[in-house]
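Numbers restart at 1 for each chain; the letters A, B, ... are given by sequence-line order, proteins then strands. Just so it is clear, the structure is predicted and the values come from calculations on it, not from any experiment.
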Amino acid sequence: MAQKPSIPKGTRDFSPEEVLRRNYIINTLRTNFELFGFQPIETPSFENSSTLMGKYGDEGDRLIFKILNSGDYLNKVDDAVYTAKDSTKLTAEISEKALRYDLTVPFARYVVQHQNEIEFPFKRYQIQPVWRADRPQKGRFREFFQCDADAVGSDSLLQEVAFVQLYDAVFTDLGLKGTTVKMNNRKILSGLAEAIGAADKLIDFTVALDKLDKIGEEGVVKEMLAKGISEEAITRVKPIFNVSGNFAEKLNLLKDLLADSEVGKEGIEELAYINEKIAALGLATVTLDLDVTLARGLNYYTGAIFEVAAPEGVKMGSIGGGGRYDDLTGIFGLKNMSGVGISFGLDRIYLVLEELGLFPEQAIKGTKLLFINFGEAESLYCLKAVKSLREAGITSELYPDAAKMKKQMSHADKRNIQFVVLAGTQEMEEGVYTLKNMKTGDQTRVDLNELIKALA
RNA sequence: GUGGUUGUAGCUCAGUUGGUUAGAGCGCCUGAUUGUGGUUCAGGAGGUCGUCGGUUCGAGACCGAUCUUCCACCCCA
């Protein structure tokens with residue numbers, strides 16, 4: 001079947017069942033975002049290249065989908081650039097638009113562009129697809145949705161507190177028990193690097209540290225050595241490789257390590273503040289934890305760092321993450337605008353809910369009742385009932401053709417429709433409907449009012 | 001971007017060192033059953049073996065390219 005049509009790699013079609021389930025998650029997110037006072041915005045699928053390029057590092061630039069200019073774009077290219085075959089330079093000349101790579105940079109652009117209309121602090125949420133020219137892997141696609149909530153224009157740590165509560169509210173609503181919100185702080189990481197005399201190697205240090213649960217202590221040490229961090233420095237920082245205890249106990253250990261680091265102490269204070277407030281307010285299902293190894297290649301996070309781990313026993317990486325960036329909008333010329341935000345990993349949450357069987361039947365049901373079509377007169381009789389049922393909020397429909405009964409029944413069965421109505425001449429004469437429960441096989445004759453009552 | 005891996009019916013997969021007409025299960029269609037689906041029984045349809053090229057008397061199998069799948073790295077949600 002060579003001629004079979006296909007979709008680009010890393011993209012997906014969603015079946016009706018999948019869309020219903022995704023919508024269930026998205027609706028839960030949207031409800032809670034709004035409950036917490038976040039306002040929805042949307043931005044275009046594509047931006048000017050200049051808005052996106054250079055914001056995600058060299059690696060990021062490579063992964064941005066570029067959109068070819070319209071018209072005879074090659075004809076306008078500088079001859080020297082064309083003959084040189086320098087892809088980077090050529091790209092700039094033949095493409096001036098690119099697909100959205102994440103929601104954060106467009107949001108920063110939005111804030112700067114509309115700064116005079118926005119009332120600060122501004123809290124927005126945004127649920128839209130983004131695109132990356134990455135090589136697909138399990139759970140990694142070239143088109144996927146991001147579900148972000150961010151707050152700009154406030155340095156208050158109460159924002160961080162609210163985000164922990166937001167995670168708690170969402171995962172509680174989804175019935176997902178046992179998730180852990182892991183927190184860290186960029187200032188602690190800076191402090192650690194400083195304390196061991198490797199302040200200049202902060203990024204290498206954190207990237208290596210972040211891999212602890214993946215490659216183990218030995219692997220991390222090896223990578224740090226390879227990056228030029230001294231053995232002595234590594235020995236000093238080793239206690240954090242296997243810290244245990246609760247949030248406060250871990251903080252105490254850090255206090256010793258970071259006693260001489262101003263920035264480190266600041267980070268500890270921030271985390272302690274957040275932990276105290278959360279402890280006083282209480283959480284329903286989420287556990288708040290401190291994870292010093294949390295670093296997630298986040299060059300732009302300056303304060304809090306969040307990551308959400310799925311319940312233990314579920315083989316799944318993080319299902320959410322976020323953090324604070326003090327200079328969110330600086331790249332677009334608006335200084336001193338601090339932002340903090342979190343993201344929910346829709347696809348991964350979907351996989352976790354599916355694995356644990358947590359999608360509620362109710363939220364994903366389609367049509368509840370199908371009327372079997374026996375002919376012209378009977379259809380009209382049925383359609384009158386359909387109208388009343390729909391007014392009563394009951395999803396119902398009439399099979400469009402007077403096809404063989406077997407075909408219609410089988411259709412109801414395959415679509416998982418729980419009830420069918422058989423209404424032929426007999427029922428019409430008596431003004432009743434034969435209602436059949438497809439699960440139990442039970443059949444009863446009811447009038448319209450009873451029919452509505454039976455399905456409500 | 002680097003290294004590997006996968007592709008045979010709608011789906012999941014067999015297919016011997018290269019040898020007639022490529023199979024199974026499930027699904028699909030028809031009938032048993034003209035007012036009863038899901039179960040059962042009988043029958044049937046459906047494949048240029050991802051694509052293009054090469055080796056060979058002969059290729060689903062071997063070689064090359066390309067696309068696709070999945071995995072590791074890089075990076076990331």
Could I get a table of every N or O pair under 3.5 Å where one atom is in the protein and the other is in nucleotides 43-45 of chain B?
none

### Message
When the P atoms of B/rU39 and B/rC26 are compared, how many Å lie between them, rounded to an integer?
### Response
11 Å
#### Entry: C1' atoms of B/rC28 and B/rG46, separation to the nearest Å
9 Å
### Task
Output the residues of residues 53-68 of chain A in contact with RNA chain B, where contact means a heavy atom of the residue under 4.0 Å from an atom of the strand; sort by number or write none.
A/E59, A/R62
### Task
Tell me, please, which residues at least two apart from A/E354 pass side chain to side chain contact (heavy atoms under 4.5 Å, CB included).
A/R21, A/Y350, A/F359
### Message
Whole angstroms only, please: what is the CD-C1' distance between A/Q137 and B/rC74?
### Response
10 Å
### Integer-rounded Å distance: B/rU36 C1' and A/L369 CG
15 Å
### Pairing string, 5' to 3', for RNA chain B - Watson-Crick or wobble contacts under 3.5 Å, brackets [ ] where pairs cross, | to another strand
((((..(..((((.....[...)))).(((((.......))))).....(((((..]....))))))..))))....
### Message
Once rounded to the nearest 0.5 Å, what's the spacing between atom CG of A/L356 and atom CG of A/L351?
### Response
11.0 Å
### Message
In whole Å, measure the gap between the P atoms of B/rA32 and B/rG25 for me.
### Response
24 Å
### Query
Less than 4.0 Å between a side-chain N and a carboxylate O, is that true for A/R12 and A/D347?
yes
### Query
Are A/D289 and A/K250 close enough for a salt bridge, meaning some N to O gap below 4.0 Å?
yes
### Rounded distance in Å - CD (A/E143) to P (B/rA77)
17 Å
### Summary
Taken in chain and number order and not counting sequence neighbours, the residues that satisfy side chain to side chain contact (heavy atoms under 4.5 Å, CB included) with A/I67 are A/F46, A/K97, A/L99
### Message
Below 4.0 angstrom, which residues in residues 436-456 of chain A have at least one non-hydrogen atom near RNA chain B?
### Response
A/K436, A/M438, A/K439, A/G441, A/Q443
### Query
Under 5.5 Å between ring centres and under 30° between planes: does that hold for A/F374 against the base of B/rG35?
no
### Query
On a whole-Å scale, what distance lies between the C1' atoms belonging to B/rU40 and B/rG23?
25 Å
### Query
Is a donor on one side and an acceptor on the other found under 3.5 Å between the side chain of A/R100 and the backbone of A/T43?
yes
### Separation of the P atoms in B/rA72 and B/rU5, to the nearest angstrom
15 Å
### Query
Thinking salt bridges, do A/D150 and A/R124 make one under a 4.0 Å N-O criterion?
yes
### Query
Can you name the residues that form a salt bridge (charged side-chain N to carboxylate O under 4.0 Å, His left out) with A/E218, not counting sequence neighbours?
none
### Sugar-phosphate only, base, or nothing, as touched by A/E427 at under 4.0 Å among non-hydrogen atoms
base
### Query
Think A/K211 has a side-chain N or O under 4.0 angstrom from the OP1 or OP2 of B/rA72?
no
### Message
For the C1' atoms, the ones on B/rA45 and on B/rC52, what distance do you get once it is rounded to whole angstrom?
### Response
30 Å
### Message
For A/T287 and A/T180, which I'm curious about, is there any donor-acceptor pair between the side chains at under 3.5 Å?
### Response
no
### Message
Give me the distance, rounded to whole Å, that separates B/rA9 from B/rC71 when you measure between the C1' atoms they each carry.
### Response
28 Å
### Message
Other residues, nucleotides and ligands only: do more than 12 of their heavy atoms fall within 6.0 Å of NZ on A/K453?
### Response
no
At a cut-off of 3.5 Å, list every protein nitrogen or oxygen paired with a nitrogen or oxygen from nucleotides 6-8 of chain B, distance to 0.1 Å.
none

### Message
For the CG atom on A/D58, are there more than 12 heavy atoms of other groups (residues, nucleotides or ligands in this structure) within a distance under 6.0 Å?
### Response
no
### Message
Once you apply a heavy-atom cut-off of 4.0 Å, does A/F141 come out as touching a base, just sugar-phosphate, or nothing?
### Response
base
### Message
For A/E47 and A/Y101, which I'm curious about, is there any donor-acceptor pair between the side chains at under 3.5 Å?
### Response
no
### Task
Can you tell me, in whole Å, how much space there is between the P of B/rA77 and that of B/rC11?
34 Å
### Query
Parallel, tilted or perpendicular for A/F171 and A/Y167, by the 30°/60° rule?
parallel
Which donor-acceptor pairs under 3.5 Å do side chains of residues 413-424 of chain A form with protein atoms, sequence neighbours excluded?
from   : atom 1 : to     : atom 2 : distance (Å)
A/K414 : NZ     : A/S410 : OG     : 3.2
A/R415 : NH1    : A/E397 : OE1    : 3.4
A/R415 : NH1    : A/E397 : OE2    : 3.2
A/R415 : NH1    : A/H411 : NE2    : 3.4
A/R415 : NH2    : A/T367 : OG1    : 3.3
A/R415 : NH2    : A/E397 : OE2    : 2.8

### Message
Among residues 395-425 of chain A, which ones have heavy-atom contacts with RNA chain B below 4.0 Å?
### Response
A/K404, A/M405, A/K406, A/M409, A/S410, A/D413, A/K414, A/L422, A/G424
### Query
Ignoring hydrogens and angles, does a donor from either the side chain of A/R140 or the base of B/rC75 sit under 3.5 Å from an acceptor on the other?
yes
### Query
Should A/L189 and A/L294 be marked as a side chain to side chain contact (heavy atoms under 4.5 Å, CB included) after you check the CA-CA gap, both sets of side-chain angles, and the distance that decides it?
CA-CA 9 Å; A/L189 293 169; A/L294 194 60; over 6 Å; no
### Query
Is the number of heavy atoms from other residues, nucleotides or ligands under 6.0 Å of A/Y73 OH greater than 12?
no
### Query
Only one of A/F144, A/F33, A/F163 clears ring-ring contact (aromatic ring centres under 6.0 Å, His included) with A/F344; which?
A/F33
### Query
Under the 3.5 Å rule, do the base of B/rU69 and the side chain of A/R135 count as making a donor-acceptor pair?
no
### Query
More than 12 foreign heavy atoms under 6.0 Å from CD of A/E42: is that the case here?
no
### Task
Using distance alone, with no hydrogens and no angle criterion, decide if A/Q146 and A/S343 have a side-chain donor and acceptor under 3.5 Å apart.
no
### Task
Step by step, work out the side chain to side chain contact (heavy atoms under 4.5 Å, CB included) result for A/E450 and A/V432.
CA-CA 10 Å; A/E450 290 167 330; A/V432 295; over 6 Å; no
### Task
Return the set of residues passing ring-ring contact (aromatic ring centres under 6.0 Å, His included) with A/F247 (not counting sequence neighbours), or none when no residue passes.
none
### Task
Scan residues 9-26 of chain A against RNA chain B and write down, sorted by residue number, each residue with any heavy atom closer than 4.0 Å; if none is found, say none.
A/K9, A/G10
